[in-house]
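Heads up: the structure comes next, in structure tokens.
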2 protein chains.
Amino acid sequence: MSGHKLDPIDRKILMELQDDGRMTNVELSRRVGISAPPCLRRVRSLEESGYIQGYHARVNARELGYEVMVFAMVSLKSQAGADLAAFEARARGWPLVRECFMLNGEIDFLLKCMAPNLAAFQSFLTDHLTAAPNVASVKTSLVIRAAKDEPGIPFEAMDTVADNA
Amino acid sequence: MSGHKLDPIDRKILMELQDDGRMTNVELSRRVGISAPPCLRRVRSLEESGYIQGYHARVNARELGYEVMVFAMVSLKSQAGADLAAFEARARGWPLVRECFMLNGEIDFLLKCMAPNLAAFQSFLTDHLTAAPNVASVKTSLVIRAAKDEPGIPFEAMDTVADNA
DNA sequence: GTTGAAAGTATGGTCGA
DNA sequence: TCGACCATACTTTCAAC
């Protein structure tokens with residue numbers, strides 16, 4: 001991890017692998033316009049320097065029995081550093097909490113939760129989240145549908161007149 | 001996509017590929033305890049049936065110049081079907097909006113946005129999001145830090161006494 | 001970055017439980 | 001039907017330039 005400047009080929013590699021992380025190195029090298037060995041060296045270097053943090057298959061949550069996504073907006077009683085850290089540690093330990101972000105403003109944490117059904121989420125909410133130390137209030141919103149769900153960052157905007165933001 | 005029942009080997013394949021989407025098929029087959037050819041056939045079948053929806057490298061947004069993540073909570077004036085769809089189409093067209101979920105309750109949509117800096121986000125907010133037709137109000141919250149950011153679903157909980165939810 | 005060679009991987013065919 | 005084994009083509013990866 002560092003300030004290595006990335007050249008356009010590195011950027012293209014990252015873009016392609018964000019889009020298809022299982023592409024073979026030969027195909028990747030073809031797309032970025034260099035031969036396979038230096039392409040692989042670049043990928044390894046991007047992995048080691050932390051520009052690439054991992055590769056993940058995206059699975060169909062619904063078909064696998066995770067039918068509900070819920071966002072939980074959590075406010076704490078105390079925002080002291082140790083109390084924030086304690087809540088974060090607890091959140092990391094709940095498997096059904098997939099993402100936990102500390103926010104500015106009234107809401108302290110936003111949690112993206114995946115559960116098999118509403119009942120499972122409700123029991124998590126009452127037995128664990130609301131019951132956790134230092135939690136002042138929790139507001140939840142059920143996701144009706146995902147209109148867009150893209151991973152990572154918008155490489156398309158990096159090579160474009162960013163007019164559409 | 002369908003109701004093919006998945007056996008424990010398929011589930012293990014999905015778990016392993018969610019965790020490391022670039023694992024070789026040989027390594028995957030070793031982990032799930034079958035030989036490579038049937039393992040590959042299962043992976044292809046999981047891809048074709050939609051259980052696996054894609055593979056993505058996770059890139060380091062900050063190092064690539066996307067320093068801010070912001071959640072925008074959007075309420076619309078009209079929630080008529082066509083108006084919801086129109087907003088969704090617009091959201092899909094904004095590269096900086098990475099995720100857009102329709103929620104129940106007062107907030108109609110939650111948008112996860114990635115931007116190079118606050119100024120870039122603010123200009124998106126004023127020039128595009130708030131300015132979009134039918135938008136009644138937008139509340140934004142800046143992400144201070146990510147305490148947890150795991151993709152997909154909690155396979156660990158599927159084989160465990162789900163006591164910690 | 002390129003070339004070329006060695007090792008490892010993907011993948012179709014075929015057989016047997 | 002599904003997995004194992006085998007054979008071939010393709011990919012990865014290293015060494016030399």
Side-chain angles (χ1 to χ4, degrees), chain A residues 1-65 151-152 155 158-159, chain B residues 1-60 63-65 151-153 155-156 158-159:
Chain A
M1 190 102 50
S2 65
H4 308 140
K5 204 65 170 58
L6 297 181
D7 67 15
I9 294 179
D10 288 322
R11 303 263 293 286
K12 188 119 202 293
I13 287 173
L14 293 170
M15 180 173 64
E16 294 292 343
L17 288 178
Q18 177 174 287
D19 187 56
D20 177 3
R22 216 174 158 75
M23 186 182 303
T24 68
N25 182 60
V26 167
E27 170 66 10
L28 179 62
S29 67
R30 202 188 56 70
R31 293 196 186 202
V32 305
I34 61 179
S35 61
C39 184
L40 185 64
R41 265 177 270 154
R42 280 166 180 267
V43 171
R44 293 286 174 261
S45 161
L46 290 167
E47 288 166 356
E48 278 161 30
S49 58
Y51 283 103
I52 295 174
Q53 301 179 309
Y55 303 90
H56 304 283
R58 176 184 293 217
V59 305
N60 189 325
R62 182 151 310 187
E63 290 287 327
L64 289 164
F155 283 100
M158 295 170 75
D159 302 317
Chain B
M1 189 102 50
S2 64
H4 309 138
K5 204 62 170 64
L6 297 181
D7 67 16
I9 295 179
D10 288 321
R11 302 261 296 284
K12 189 122 202 291
I13 287 173
L14 292 169
M15 180 174 63
E16 293 292 344
L17 288 178
Q18 177 174 287
D19 187 56
D20 178 4
R22 215 173 159 76
M23 187 184 302
T24 67
N25 180 60
V26 167
E27 170 66 10
L28 179 62
S29 67
R30 203 187 53 71
R31 292 196 187 204
V32 305
I34 60 179
S35 63
C39 184
L40 186 62
R41 264 179 268 136
R42 281 166 179 268
V43 171
R44 294 285 175 261
S45 162
L46 291 166
E47 289 166 355
E48 278 161 29
S49 58
Y51 283 104
I52 294 175
Q53 301 179 309
Y55 303 91
H56 304 282
R58 175 183 294 215
V59 305
N60 188 325
E63 291 286 327
L64 289 164
I153 64 174
F155 283 99
E156 61 263 47
M158 296 170 74
D159 302 318

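Note on naming: letters A, B, ... go to the chains in the order of the sequence lines (proteins, then strands), and numbering restarts at 1 for each one.
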**OP:** Would you tell me whether B:Y55 and B:E47 have side-chain atoms, one donor and one acceptor, within less than 3.5 Å of each other?
**Re:** yes
So does A:R44 get a side-chain nitrogen or oxygen closer than 4.0 Å to the phosphate oxygens (OP1/OP2) of D:dT13? yes
Regarding the side chain of B:P37, the nearest nucleotide among D:dG3, D:dT11, C:dT11 is C:dT11
Any donor-acceptor N/O pair, B:S29 side chain to B:N25 backbone, under 3.5 Å:
yes
Winner on side-chain proximity to B:I34, out of D:dA4, C:dT2, C:dG12, is D:dA4
Do the side chains of A:D20 and B:R22 get close enough for a salt bridge, i.e. N-O under 4.0 angstrom? no
Is any side-chain N or O of A:S35 closer than 4.0 Å to OP1 or OP2 of C:dT2? yes
Separation of D:dC10 atom P from A:R22 atom CZ, nearest Å, is 19 Å
*asked:* With a 4.0 Å cut-off on N to O distance, would you call B:E48 and B:R44 a salt bridge?
replied: no
Taken to the nearest whole Å, CE/A:M23 to P/C:dA10 is 16 Å
From CZ of B:R30 across to C1' of C:dA10 the rounded distance in Å is 17 Å
With the side chain defined as heavy atoms from C-beta on, B:R42 is closest, among C:dT11, D:dC2, C:dG1, to D:dC2
Regarding the side chain of A:A36, the nearest nucleotide among D:dG3, C:dT11, D:dT13 is D:dT13
In whole angstroms, the gap separating C1' of C:dA10 from CG of B:L28 amounts to 13 Å
Between CG of B:N25 and C1' of D:dT12 the distance, given in whole Å, is 15 Å
B:L40 atom CG is separated from D:dC2 atom P, nearest whole Å, by 15 Å
**Asked** At under 4.0 Å, does any side-chain N or O of B:R41 touch on OP1 or OP2 of D:dT1?
**Response** no
